[in-house]
Amino acid sequence: MLAALLLLAPLRLPAEVPGRGFGLAAACFGCHGTDGVSRGAIPSLAGRSERFLLLALGEYRSGASSGTVMNRIARGYSDEELARLAAWFAGRRE
Ligand code: HEC
């Protein structure tokens, strides 16, 4: 029984399909607007270049640029997750 469980463990599916960033991106909607289209003072993310988004997120995470909240937020994501977020928002339309 235990052996069977150990055998099955690596087969568990990831919570999210790689390449699809919606689940991650939803955490940003509260401030950056639904789908990254902001209606307020916080910048929109939708349709910005992937390169810009990834650079900005990387700089917030490393502390190279400092914001009010983004440093703390960016630190919560891995390289792969930041790449997925950047790709997802870059693919939205404004
Ligand atoms: C609590 C509100 C809040 C949340 C949640 C939030 N952001 Fe931000 N974001 C901001 C603010 C405010 C700024 C402006 C910089 C600062 O003050 O930190 C910003 C700036 C940015 C910028 C730079 C935009 C530019 O034009 O310079 C990017 C990229 C970004 N956020 C991505 C994200 C992503 C991706 C998420 C979700 C993982 C996210 N943010 C979640 C508030 C938020």
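Numbering of ligands and ligand atoms starts at 1, following listing order. No hydrogens, no waters, no symmetry mates; every other heavy atom, side chains included, goes into these values.
Distances below 4.0 Å separate heavy atoms of Leu45 from the following atoms of ligand 1: 28 (C), 29 (C), 30 (C), 32 (C), 33 (C), 34 (C). Close contacts between ligand 1 and Cys31 involve ligand atoms 1 (C), 2 (C), 3 (C), 4 (C), 5 (C), 42 (C), 43 (C) [criterion: under 4.0 Å to a heavy atom]. Atoms of ligand 1 found under 4.0 Å from any heavy atom of Gly67, numbered from 1 in the order shown, are 16 (C), 17 (O), 18 (O). Taking every non-hydrogen atom of Leu53 and a distance limit under 4.0 Å, the qualifying atoms of ligand 1 come out as 29 (C).
A salt bridge is absent between Asp79 and Arg84: the closest approach of a Lys/Arg side-chain nitrogen to an acidic carboxylate oxygen does not fall below 4.0 angstrom.
Residue Thr68 touches ligand 1 through backbone and side chain together, judged by heavy-atom distances below 4.0 Å. Counting heavy atoms closer than 4.0 Å to ligand 1, residue Leu24 contributes nothing at all. Both the backbone and the side chain of Cys28 come within 4.0 Å of ligand 1, counting heavy atoms alone. Counting heavy atoms under 4.0 Å from ligand 1, residue Leu57 touches it through the side chain alone. Residue contacts with ligand 1 for Val69 involve both N, CA, C or O and side-chain atoms from C-beta outward (heavy atoms, distance under 4.0 Å).
For the pair Arg93/Val37, no side-chain contact is recorded, criterion being any heavy-atom separation below 4.5 Å from C-beta on.
Below 3.5 Å of separation, one finds an N or O of His32 facing an N or O of ligand 1.
If you check each of Arg48, Arg84, Arg72, Met70 against atom 20 (C) of ligand 1, the one with the closest non-hydrogen atom is Met70.
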